[in-house]
Novice: 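The following block contains the structure, expressed as structure tokens.
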Number of protein chains: 2
Amino acid sequence: MPANPDQVLANLRELAALTSDSNGAQRLAFTATWQKARDWFATKLRGLPVTRHLDAAGNAWVTLPGASPRSLVLGSHLDSVPNGGWLDGALGMVTALEVLTALASKYSAHNNRPPFTVRIVDWADEEGARFGRSLFGSSAFAGTHTIAADRDRTDSNGITLASALATCNVDIDRIGEATREQENIAAYLELHIEQGPVLERLGLPLAAVLGTKGVERHAITFHGQEAHSGSTPMLDRRDALAAAARLALEVRELTLRINAERHSDSVSTIGSLKTFPGIVTAIPGRVECTLDQRDLSPEILATLYREAVAASHRIAQEEGCIVEWSRIWSIDPIPFHPHLIHLCRASIAETLAAATRTEASQAKTTDAAPPAEQVLSIPSGPLHDAAEVARTGIPTTMMFVQSLHGISHNKIEDTTEAHLRLATKTLTWLATQS
Amino acid sequence: MPANPDQVLANLRELAALTSDSNGAQRLAFTATWQKARDWFATKLRGLPVTRHLDAAGNAWVTLPGASPRSLVLGSHLDSVPNGGWLDGALGMVTALEVLTALASKYSAHNNRPPFTVRIVDWADEEGARFGRSLFGSSAFAGTHTIAADRDRTDSNGITLASALATCNVDIDRIGEATREQENIAAYLELHIEQGPVLERLGLPLAAVLGTKGVERHAITFHGQEAHSGSTPMLDRRDALAAAARLALEVRELTLRINAERHSDSVSTIGSLKTFPGIVTAIPGRVECTLDQRDLSPEILATLYREAVAASHRIAQEEGCIVEWSRIWSIDPIPFHPHLIHLCRASIAETLAAATRTEASQAKTTDAAPPAEQVLSIPSGPLHDAAEVARTGIPTTMMFVQSLHGISHNKIEDTTEAHLRLATKTLTWLATQS
């Protein structure tokens with residue numbers, strides 16, 4: 001029995017109906033609704049020759065034993081942001097389930113086992129929406145999560161991370177033991193919606209993912225001189241907002257210039273800007289803003305950051321202001337595995353060619369799959385659990401399926417049924433090649 | 001006995017000591033500290049042939065009867081913002097007291113009355129710092145204050161304007177009766193600190209004031225598309241902050257250009273800017289900002305506003321955003337009286353020439369006062385009670401004395417003693433000319 005795209009669609013709808021309200025998905029990690037989603041997923045394993053267990057960080061593992069203990073892991077997450085979409089995370093879990101079911105069916109029909117072990121992992125708290133710490137479970141698995149910095153986190157109701165974990169039988173002091181799950185993993189694959197507009201703009205259903213971009217995230221403060229809006233002539237001002245506005249535009253320009261020069265697709269975003277005192281009759285004496293810059297190349301990312309800093313100092317001097325930078329967070333770019341990326345592109349090419357052959361069958365033509373090199377591969381701007389897996393050295397890649405309008409983390413998040421079917425077929429193909 | 005600048009300085013220090021704390025002046029209108037300042041002022045009238053009364057809006061009037069009921073009014077305010085300076089308002093009151101004392105002394109020495117009546121008015125709640133409605137008393141006097149819109153105002157402790165007024169024996173429903181005080185007023189003069197940097201930059205102690213600038217005050221909202229900072233390429237963005245940043249810079253440019261073309265000193269200020277959702281990982285989907293534009297010419301003010309609106313629509317279109325404007329408040333420019341402005345400039349010229357003669361007396365030279373036309377006259381960006389008086393048709397002007405560093409509404413607000421002395425002498429000269 002091959003993987004059944006209709007079953008994927010049916011399961012996605014069933015999960016959405018069970019764990020969403022009129023505002024969207026509500027599978028916030030370590031809550032009853034999230035637990036309900038996990039329990040639902042476990043019921044879908046009935047009748048399969050698999051085992052299921054939670055690791056020390058609350059990640060849920062399903063194992064279909066093969067002839068070899070070397071395993072292929074298909075992973076994603078069932079948790080969502082508040083008021084989230086129906087596909088973010090859930091698509092990866094439900095397609096993985098369908099691939100596992102198809103493989104189990106294929107081999108059990110011959111009273112056989114797969115040549116390799118196949119596992120599914122449901123990472124705990126990918127979103128970090130409740131406690132502000134994303135990739136919780138996968139970073140524990142990777143051994144990169146130092147709980148010290150996160151031990152005292154609380155949610156909006158004042159519940160501590162430790163007590164939320166305890167309700168899910170996770171001991172906050174033992175999450176590091178999740179690294180034991182790394183044993184015998186040969187490859188890790190993750191299917192996810194793109195959450196961006198690139199595939200839709202290009203008219204493509206699928207892309208292989210080259211890795212996750214590194215991030216430089218900073219708080220920038222301009223200090224000028226607060227003064228009365230009525231009594232201070234234009235040329236006597238030291239306006240912190242004028243300086244910040246110039247920086248916002250110059251950062252955009254320098255990012256576009258670097259992209260043109262380096263054929264890169266770097267992004268720079270000023271997401272928050274606050275004026276102080278922030279009243280209609282006062283020239284802002286202080287502006288605080290945030291800058292988030294991303295690229296897959298460490299060298300280009302360093303250039304982006306360096307040029308933004310230089311621009312800010314030049315602008316501050318020209319505007320009679322002082323500028324201060326403070327790093328909020330950063331992470332290096334994490335490239336995925338070249339051979340797995342190649343296999344992913346080849347699988348996409350094969351699936352698309354098969355679809356074309358089906359359409360063309362009445363016309364009696366036969367086309368071979370196009371070369372994998374013609375299939376789009378792009379870096380991921382958002383981080384994913386796959387990045388934590390890749391940091392352990394386990395060969396890893398991801399596949400993106402088109403998001404409509406590039407919108408995610410919202411109840412209107414969507415992907416066409418045709419593309420969801422193609423994604424299921426491609427993941428199945430890829431899983432049997434890996 | 002001529003007006004004594006030393007007494008002005010002593011009184012200013014006495015008032016500051018009585019009504020300030022370590023954070024500055026605390027003479028918030030309709031509070032016990034403000035009442036203490038008014039009681040202190042009343043004690044300074046002892047022995048003078050004057051009467052004192054409160055009008056229906058709580059303005060305090062002191063009258064030195066003259067041979068004619070036609071009166072010259074010297075006005076200012078004893079109230080301050082929280083943590084205010086020692087001169088804002090207080091300087092005008094204390095110098096008016098000294099001028100009145102000198103005139104009373106001059107005429108009583110000859111058992112005579114002044115040829116005209118001289119009055120001092122202490123306007124109630126110029127600052128509006130407690131209830132958010134500035135020029136409370138002077139607008140009631142002018143008949144421009146429709147209490148309906150302000151009746152339900154409360155302070156930060158929830159005390160209503162009506163009950164605060166009642167503690168000062170003011171009936172909120174009768175404030176309109178303060179217009180009766182307009183009778184027989186021939187001229188109104190107000191001395192105030194500049195609260196801006198122009199006089200200090202030009203090295204001048206004093207300036208005549210041409211009027212108060214008109215104000216266009218608007219809320220501007222740019223609507224773009226909220227999107228993930230990591231997954232949305234630079235060229236796919238509709239960034240509301242980029243649009244607002246461009247507007248901030250273009251409004252500055254167009255104001256400078258109009259000032260250069262029209263020899264004006266217009267100001268345009270974006271005092272508040274807020275990003276939504278305002279998080280580090282999201283491209284701002286909405287930005288709300290405020291714009292405050294001022295000029296003394298109605299036609300230039302209209303041009304400023306019209307060009308800002310046009311720029312915002314062009315920028316919004318280029319950035320794929322939508323822009324909305326909403327007027328917060330506006331007021332027409334209020335020009336002061338040409339003859340009084342001329343007299344003010346002549347008085348400044350005379351006082352400065354007299355100071356020069358004193359310095360040069362050992363050198364046996366004598367210089368006449370320079371022409372009044374050589375004395376600086378500037379518009380006021382901030383509003384003042386004088387603007388409300390001018391709206392009634394009463395001939396009005398103001399005189400500004402230099403503010404150090406252009407700073408006001410702050411405990412470090414200051415003016416040199418030499419300039420405070422010159423201001424006292426000039427106001428005395430002007431009061432006897434008017």
Side-chain angles (χ1 to χ4, degrees), chain A residues 194-198 201 212-213 215 217 219 227-237 239 241-242 244-249 252 255-256 259 265-275 277-284 287 289-292 294 328 380-383 403 406-409, chain B residues 194-198 201 212-213 215 217 219 227-237 239 241-242 244-249 252 255-256 259 265-275 277-284 287 289-292 294 328 380-383 403 406-409:
Chain A
E194 181 199 350
Q195 303 180 284
V198 175
R201 175 157 47 75
T212 56
K213 293 182 176 180
V215 181
R217 190 174 292 167
H228 192 291
S229 65
S231 63
T232 311
M234 298 303 285
L235 295 174
D236 288 303
R237 299 179 172 205
D239 182 345
L241 179 59
R246 286 183 58 185
L247 183 67
L249 298 173
R252 178 165 74 166
T255 305
L256 291 170
N259 283 347
D265 48 9
S266 303
V267 287
S268 296
T269 305
I270 293 186
S272 166
L273 188 152
K274 295 177 182 166
T275 46
I279 56 177
V280 66
T281 55
I283 298 155
V287 166
C289 57
T290 61
L291 177 64
D292 179 284
R294 306 190 189 207
I328 297 170
S380 172
L383 282 169
S403 289
I407 291 172
S408 185
H409 286 191
Chain B
E194 181 198 349
Q195 303 180 284
V198 175
R201 174 158 47 75
T212 56
K213 292 181 176 181
V215 181
R217 190 174 293 168
H228 192 291
S229 64
S231 63
T232 312
M234 298 304 286
L235 294 174
D236 288 304
R237 299 178 173 206
D239 182 345
L241 179 59
R246 285 182 59 183
L247 183 66
L249 297 173
R252 180 166 72 167
T255 305
L256 290 170
N259 283 346
D265 49 10
S266 304
V267 286
S268 295
T269 305
I270 294 187
S272 166
L273 188 150
K274 295 176 182 169
T275 47
I279 55 178
V280 65
T281 54
I283 297 155
V287 167
C289 57
T290 62
L291 177 63
D292 179 284
R294 306 190 188 206
I328 297 170
S380 172
L383 282 168
S403 290
I407 292 171
S408 186
H409 286 193

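Here is how names work: the chains are called A, B, and so on, in the same order as the sequence lines, proteins then strands, and each is numbered from 1. Values below: every heavy atom of this structure, side chains too, minus hydrogens, waters and symmetry copies.
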Novice: State, to 0.1 Å, how close P233(A) and V198(B) come at their nearest heavy-atom pair, and which atoms those are.
Specialist: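 Closest approach of P233(A) to V198(B), heavy atoms only: CG-CG2, 3.3 Å.
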Novice: Heavy atoms only, distances under 4.5 angstrom: which of L241(A), L235(A), D265(A) has the most pairs with chain B? Name it, please.
Specialist: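 Sorted descending by pairs with chain B, the first entry is L241(A).
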Novice: If you measure from OG on S231(A) to CD1 on I407(B), what distance do you get to the nearest 0.5 Å?
Specialist: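 Taking OG in S231(A) and CD1 in I407(B), the distance rounds to 10.5 Å.
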Novice: Of the listed residues (A244(A), G381(A), P197(A), G271(A)), which shares the most heavy-atom pairs with chain B below a 4.5 Å separation?
Specialist: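 Winner by heavy-atom pair count: G271(A).
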Novice: For chain A, which of I270(B), T275(B), T255(B), L247(B) has the most heavy-atom pairs under 4.5 Å?
Specialist: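 Winner by heavy-atom pair count: T275(B).
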Novice: Please answer whether the main-chain N or O of I283(A) pairs with a side-chain N or O of T269(B) as donor and acceptor at a distance below 3.5 Å.
Specialist: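 Side chain of T269(B) to backbone of I283(A), a donor-acceptor pair under 3.5 Å: no, none is there.
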Novice: If we define contacts as heavy-atom pairs under 4.5 Å, which of R217(A), E194(A), Q195(A) has the most with chain B?
Specialist: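 Of R217(A), E194(A), Q195(A), R217(A) has the most heavy-atom pairs under 4.5 Å with chain B.
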Novice: Based on non-hydrogen pairs under 4.5 Å, which of A245(B), G406(B), A219(B) is most in contact with chain A?
Specialist: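 Ranked by heavy-atom pairs under 4.5 Å with chain A, first place is A245(B).
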Novice: So, taking the atom named OG in S268(A) and the one named CE in M234(B), what distance separates them when rounded to the nearest 0.5 Å?
Specialist: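 Reported to 0.5 Å precision, the distance equals 5.5 Å.
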Novice: Can you tell which of G230(B), P277(B), P284(B) has the highest number of heavy-atom pairs within less than 4.5 Å of chain A?
Specialist: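 Most heavy-atom pairs within the cutoff with chain A belong to G230(B).
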Novice: Quick one: of D292(A), V267(A), L256(A), D239(A), who has the most non-hydrogen atom pairs under 4.5 Å with chain B?
Specialist: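 Winner by heavy-atom pair count: V267(A).
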Novice: Looking at side-chain heavy atoms only, is the closest gap between H228(A) and S408(B) below 4.5 Å?
Specialist: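 Side-chain contact under 4.5 Å: no.
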Novice: Between G278(A) and S272(B), which heavy-atom pair has the shortest distance, and what is it?
Specialist: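 Distance-wise, the nearest heavy atoms are O-CB, 3.4 Å.
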Novice: Identify the two heavy atoms, one from R294(A) and one from T281(B), that lie closest to each other, and give their separation to 0.1 Å.
Specialist: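 Minimum heavy-atom separation between R294(A) and T281(B): NH2-CG2, 3.9 Å.
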Novice: Tell me, please, which residues at least two apart from R252(A) pass salt bridge (Lys or Arg N to Asp or Glu O under 4.0 Å).
Specialist: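 E319(B).
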Novice: Between S403(A) and chain B, with a heavy-atom cut-off of 4.5 Å, which part of the residue counts as in contact: side chain, backbone, both or neither?
Specialist: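 S403(A) has no heavy atom closer than 4.5 Å to chain B.
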